[in-house]
Undergrad: 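Okay, here's the structure, questions in a sec.
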Amino acid sequence: KEINMALRIISANEPMKVDQLVVTIYGQPGVGKTSLGFTAESPLLLDFDHGAYRAMGRKDTVDVSAWSDVTQIEAADLDGYKTIVVDTAGRALDALAADIIRREPKLGRGGALTQQGWGRLKSEFTSWLTLLRSFGLDVVLIAHGTEKMDGDETIVRLDVAGGSKDEIYKSADMMGRLFIRGGRRVISFDPTDTAYGKNPASLPTQDVPSNDFGFMATLISQTKEKLNALSAEQQAEAVKIKNFTETVKRFTGPEDFTDSIGVAKELGKTFAGILAREAKERGYVYDRQTRAYKVAA
């Protein structure tokens, strides 16, 4: 009887190629977040904030007046684009909240969402992000930052209402804070005690040049390259482990294990552990005096 497995399991020796990323950029108003978004590769901006006209290097833009403007996006609409920029995530959520109340008035009270309405907002926004990702494009979510004092420290967070803020944190592959330091625009993807961040490629904190209209595209490309290189390294390591394990399984006596001690140590702890476990299963013990494996007494 043929059994069809529902799970598509990716084995340890298979590469996990990264073709698209979700990036969140946040910072104070006026710091140039929209301009930075336009430096992504072949971007299309969904302008919920109605401020694209102020940005440097403006590219193709959709002036979004209502949530219904973006719910029926199709792959054909995005032909020729490589990145979708949502500006801003907070305003997008405001538009979605208004649309939910319009469709189901019982989920609103006094113009604001009820607790059940907030739950609906979270689920619908998550579904919409999933739709955007399904097109295979990079997604850049722009958000305002909000500051609050915690003792003497200033804590910076996303200025996004409701539980959807957590969905943005979770869905982002990269998260960077754009800020001014010494009169220059600076971006940092590092998480700190006072600001959120995600930096899978260990990108340095760096100045954002005003004349580099492919800056965001470069950062995204560098991150993909780093993640794919890590995947290739993991694949190569998995093959080495598999080959070493199969070799050890073919050993016929304690002498073979002794002869491989140096090789295993040179390869690393994982390989030394494989050798030791297999020897133990065979009933061999390591004699520290002779520095050799022998049959257990």
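Computation of the quantities below employed the complete heavy-atom set of this structure, encompassing side-chain atoms and omitting hydrogens, waters and symmetry-equivalent molecules.
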Undergrad: Please check this pair: side chain of Tyr26 against backbone of Met175, looking for a donor-acceptor N/O pair closer than 3.5 Å.
TA: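 Side chain of Tyr26 to backbone of Met175: no pair is present.
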
Undergrad: Can you sort out the partners of Pro191 under side-chain contact (heavy atoms from CB on, under 4.5 Å), two or more places apart, ordered by chain and number?
TA: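 Listed in chain order: nothing, the list is empty.
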
Undergrad: Which of these passes side chain to side chain donor-acceptor pair (under 3.5 Å) with Lys224: Asp173, Asp138, Asp19?
TA: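 It is Asp138; the other options fail the test.
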
Undergrad: Do the side chains of Ile180 and Ile155 join up, straight or via other hydrophobic residues, at under 4.5 Å, putting them in one cluster?
TA: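 No, it is not one cluster - the side chains of Ile180 and Ile155 are not joined through contacts under 4.5 Å.
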
Undergrad: Rounded to the nearest 0.5 Å, what separation is found between the CG atom of Asp87 and the CZ atom of Phe38?
TA: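 Going from the CG atom of Asp87 to the CZ atom of Phe38 covers 7.5 Å.
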
Undergrad: Locate the shortest heavy-atom distance separating Tyr284 from Gly253; write the atom from each residue and the value.
TA: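 For Tyr284 and Gly253, the tightest heavy-atom pair comes out as OH-CA, 3.6 Å.
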
Undergrad: Enumerate donor-acceptor pairs with a distance under 3.5 Å from any side-chain N or O in residues 206-215 to protein atoms, sequence neighbours excluded.
TA:
unit_1	atom_1	unit_2	atom_2	d
Gln206	NE2	Pro204	O	3.1
Asp207	OD2	Arg184	NE	2.8
Asp212	OD1	Gly214	N	3.0
Asp212	OD1	Phe215	N	3.3

Undergrad: If we count only N and O atoms by modelled type, under 3.5 Å, do the side chains of Ser65 and Asp69 hold a donor and an acceptor together?
TA: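 A pair is found: one side chain offers a donor N or O, the other an acceptor, under 3.5 Å apart.
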
Undergrad: Hydrophobic cluster mates of Val186, side-chain heavy atoms under 4.5 angstrom, ILVMFWY only, any path?
TA: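 The other cluster members (ILVMFWY side chains, heavy atoms under 4.5 Å, direct or chained) are Phe179.
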
Undergrad: Go through it in stages, so that I can follow the logic: the residues are Tyr196 and Thr24, the test is side chain to side chain contact (heavy atoms under 4.5 Å, CB included), and I'd like the CA-CA distance, side-chain angles, deciding distance and then a yes or no.
TA: CA-CA 10 Å; Tyr196 283 116; Thr24 299; over 6 Å; no

Undergrad: A side-chain contact here means heavy atoms from C-beta on lying under 4.5 Å apart; do Thr83 and Val23 qualify?
TA: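 No, too far: nothing below the 4.5 Å cut-off.
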
Undergrad: Using a 4.5 Å cut-off on heavy atoms from C-beta on, say whether the side chain of Thr146 contacts that of Val156.
TA: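 Heavy-atom side-chain distance check fails, nothing below 4.5 Å.
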
Undergrad: Look at Glu104 together with Arg120 and state whether they make a salt bridge at an N to O cut-off of under 4.0 Å.
TA: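 Yes, charged N to carboxylate O under 4.0 Å.
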
Undergrad: Atom CD in Gln20, atom CG in Leu137: separation rounded to 0.5 Å?
TA: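 The CD atom of Gln20 sits 8.0 Å away from the CG atom of Leu137.
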
Undergrad: How far does OG of Ser42 sit from CG of Leu78, to the nearest 0.5 angstrom?
TA: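 Spacing of OG (Ser42) from CG (Leu78) equals 12.0 Å.
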
Undergrad: Could you pull out all residues at least two apart from Thr218 that satisfy side-chain contact (heavy atoms from CB on, under 4.5 Å)?
TA: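 Partners of Thr218 by the side-chain contact (heavy atoms from CB on, under 4.5 Å) criterion, ordered by chain and then number, come out as Gln222.
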
Undergrad: For the OG1 atom of Thr247 and the CZ atom of Arg250, what is their distance to the nearest 0.5 Å?
TA: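 One finds 4.5 Å between OG1 of Thr247 and CZ of Arg250.
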
Undergrad: Are any non-hydrogen side-chain atoms of Arg133 and Leu131 less than 4.5 angstrom apart?
TA: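 Contact flag for Arg133/Leu131 side chains = no.
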
Undergrad: Considering residues at least two apart in sequence or located in another chain, which fulfil the ring pair (Phe, Tyr, Trp, His ring centres under 6.0 Å) criterion with Tyr81?
TA: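 With neighbours one apart ignored, the set is empty.
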
Undergrad: Could you state the interatomic distance from CG (Leu96) to CD1 (Ile100), rounded to the nearest 0.5 Å?
TA: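 Rounded to the nearest 0.5 Å, the CG-CD1 separation comes out at 4.0 Å.
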
Undergrad: Please name all residues satisfying salt bridge (charged side-chain N to carboxylate O under 4.0 Å, His left out) with Lys198, sequence neighbours left out, ordered by chain then number.
TA: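 Partners of Lys198 by the salt bridge (charged side-chain N to carboxylate O under 4.0 Å, His left out) criterion come out as none, since no residue qualifies.
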
Undergrad: Between side-chain atoms of residues 264-281 and protein atoms elsewhere (two or more places apart, or another chain), which donor-acceptor pairs fall under 3.5 Å?
TA:
unit_1	atom_1	unit_2	atom_2	d
Glu278	OE1	Lys249	NZ	3.0
Glu278	OE2	Arg282	NE	3.0
Glu278	OE2	Arg282	NH2	3.4

Undergrad: Can you name the salt bridge (charged side-chain N to carboxylate O under 4.0 Å, His left out) partners of Asp256, sequence neighbours left out?
TA: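 Asp256 satisfies salt bridge (charged side-chain N to carboxylate O under 4.0 Å, His left out) with no other residue.
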
Undergrad: Give the intermediate values and the outcome of side chain to side chain contact (heavy atoms under 4.5 Å, CB included) for residues Arg177 and Ile187.
TA: CA-CA 6 Å; Arg177 181 167 68 97; Ile187 190 165; over 6 Å; no

Undergrad: Distance-only, no hydrogens or angles: does the Arg185 side chain make a donor-acceptor pair with backbone N or O of Gly32 under 3.5 Å?
TA: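 Answer holds: yes.
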
Undergrad: Can you find a heavy atom in the side chain of Val70 that is under 4.5 Å from one in the side chain of Trp128?
TA: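 They are in side-chain contact.
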
Undergrad: For Ile73 and Phe135, run side chain to side chain contact (heavy atoms under 4.5 Å, CB included): C-alpha distance rounded to whole Å, both residues' side-chain angles, the deciding distance at 0.1 Å, then the answer.
TA: CA-CA 10 Å; Ile73 295 178; Phe135 297 124; 3.7 Å; yes

Undergrad: Could you list the donor-acceptor pairs under 3.5 angstrom formed between side-chain atoms of residues 43-55 and any protein atom two or more places apart in sequence or on another chain?
TA:
unit_1	atom_1	unit_2	atom_2	d
Asp47	OD1	Asp49	N	3.3
Asp47	OD1	His50	N	2.8
Asp47	OD1	Gly51	N	3.3
Asp47	OD2	Gly51	N	3.2
Asp47	OD2	Ala52	N	3.1
Asp49	OD1	Arg91	NE	3.2
Asp49	OD2	His144	NE2	3.4
His50	ND1	Asp63	OD1	2.7
His50	NE2	Val64	O	3.3

Undergrad: Excluding sequence neighbours, so at least two apart, what forms side-chain contact (heavy atoms from CB on, under 4.5 Å) with Thr223?
TA: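 Testing Thr223 for side-chain contact (heavy atoms from CB on, under 4.5 Å), a comparison that skips the adjacent residues, returns Leu21, Met174, Pro200, Ala201, Leu203, Leu227.
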
Undergrad: State which residues pass side chain to side chain donor-acceptor pair (under 3.5 Å) with Arg102; sequence neighbours excluded, sorted by chain then number.
TA: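 Per chain and number, Arg102 pairs via side chain to side chain donor-acceptor pair (under 3.5 Å) with Asp99.
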
Undergrad: Rounded to the nearest 0.5 Å, how far does CG of Leu141 lie from CD1 of Ile168?
TA: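 Interatomic distance, Ile168 CD1 to Leu141 CG, rounded to 0.5 Å: 6.0 Å.
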
Undergrad: Do Ile84 and Val140 make a side-chain contact, defined as non-hydrogen atoms from C-beta onward lying under 4.5 Å apart?
TA: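 SC-SC contact between Ile84 and Val140 ruled out.
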
Undergrad: Just by distance, do the side chain of Asp77 and the backbone of Glu74 share a donor-acceptor pair under 3.5 Å?
TA: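 Answer holds: yes.
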
Undergrad: Grab the two heavy atoms, one from Gly108 and one from Ile101, that are nearest each other, plus how far apart they are.
TA: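 Smallest heavy-atom distance, with atoms named: CA-CG1, 4.0 Å.
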
Undergrad: Determine, stepwise, if the pair Glu255 / Thr258 fulfils side chain to side chain contact (heavy atoms under 4.5 Å, CB included).
TA: CA-CA 5 Å; Glu255 299 83 4; Thr258 300; 5.5 Å; no

Undergrad: What closest approach, in Å, do Gln28 and Gly145 show between heavy atoms, and which atom pair accounts for it?
TA: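 Taking Gln28 first and Gly145 second, the nearest heavy atoms are NE2-O, 3.1 Å.
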
Undergrad: Return the minimal non-hydrogen interatomic distance between Leu113 and Ala97, and the atom names on each side.
TA: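 Here Leu113 and Ala97 meet closest at CD1-CB, 3.7 Å.
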
Undergrad: Are Glu246 and Asn243 packed together at the side-chain level, in the sense that at least one heavy-atom pair is separated by less than 4.5 angstrom?
TA: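 Yes. Closest side-chain heavy atoms under 4.5 Å.
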
Undergrad: State yes or no: do Met56 and Met216 share one hydrophobic cluster built from I, L, V, M, F, W and Y residues joined by side-chain heavy-atom distances below 4.5 Å, directly or via other members?
TA: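 No.
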
Undergrad: For residues 285-297, which residue pairs qualify under side-chain hydrogen bond (donor to acceptor under 3.5 Å, both in side chains), counting only residues two or more places apart or in two chains?
TA: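 Every pair satisfying side-chain hydrogen bond (donor to acceptor under 3.5 Å, both in side chains) with a residue in residues 285-297: Asp287-Lys294.
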
Undergrad: Any chain of hydrophobic side-chain contacts (each under 4.5 Å) joining Phe257 to Val285?
TA: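 In one cluster: no.
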
Undergrad: Please report the shortest heavy-atom distance between Val86 and Ala92, naming the atom on each side.
TA: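 Answer, listing the atom of Val86 first, then Ala92: CG1-CB, 4.2 Å.
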
Undergrad: Do Glu124 and Arg103 sit within salt-bridge range, that is, some charged N less than 4.0 Å from a carboxylate O?
TA: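 Answer for the salt bridge query: yes.
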
Undergrad: Do other residues, nucleotides or ligands put more than 12 heavy atoms under 6.0 Å from the CG atom of Asp193?
TA: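 No.
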
Undergrad: Taking all heavy atoms of Ser171 and all of Leu129, pick out the closest pair and write down the distance.
TA: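 Scanning both residues completely, I find the closest heavy atoms to be OG-CD1, 3.8 Å.
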
Undergrad: Is Gln72 atom CD crowded by more than 12 heavy atoms from other residues, nucleotides or ligands, each under 6.0 Å away?
TA: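 No, not enclosed.
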
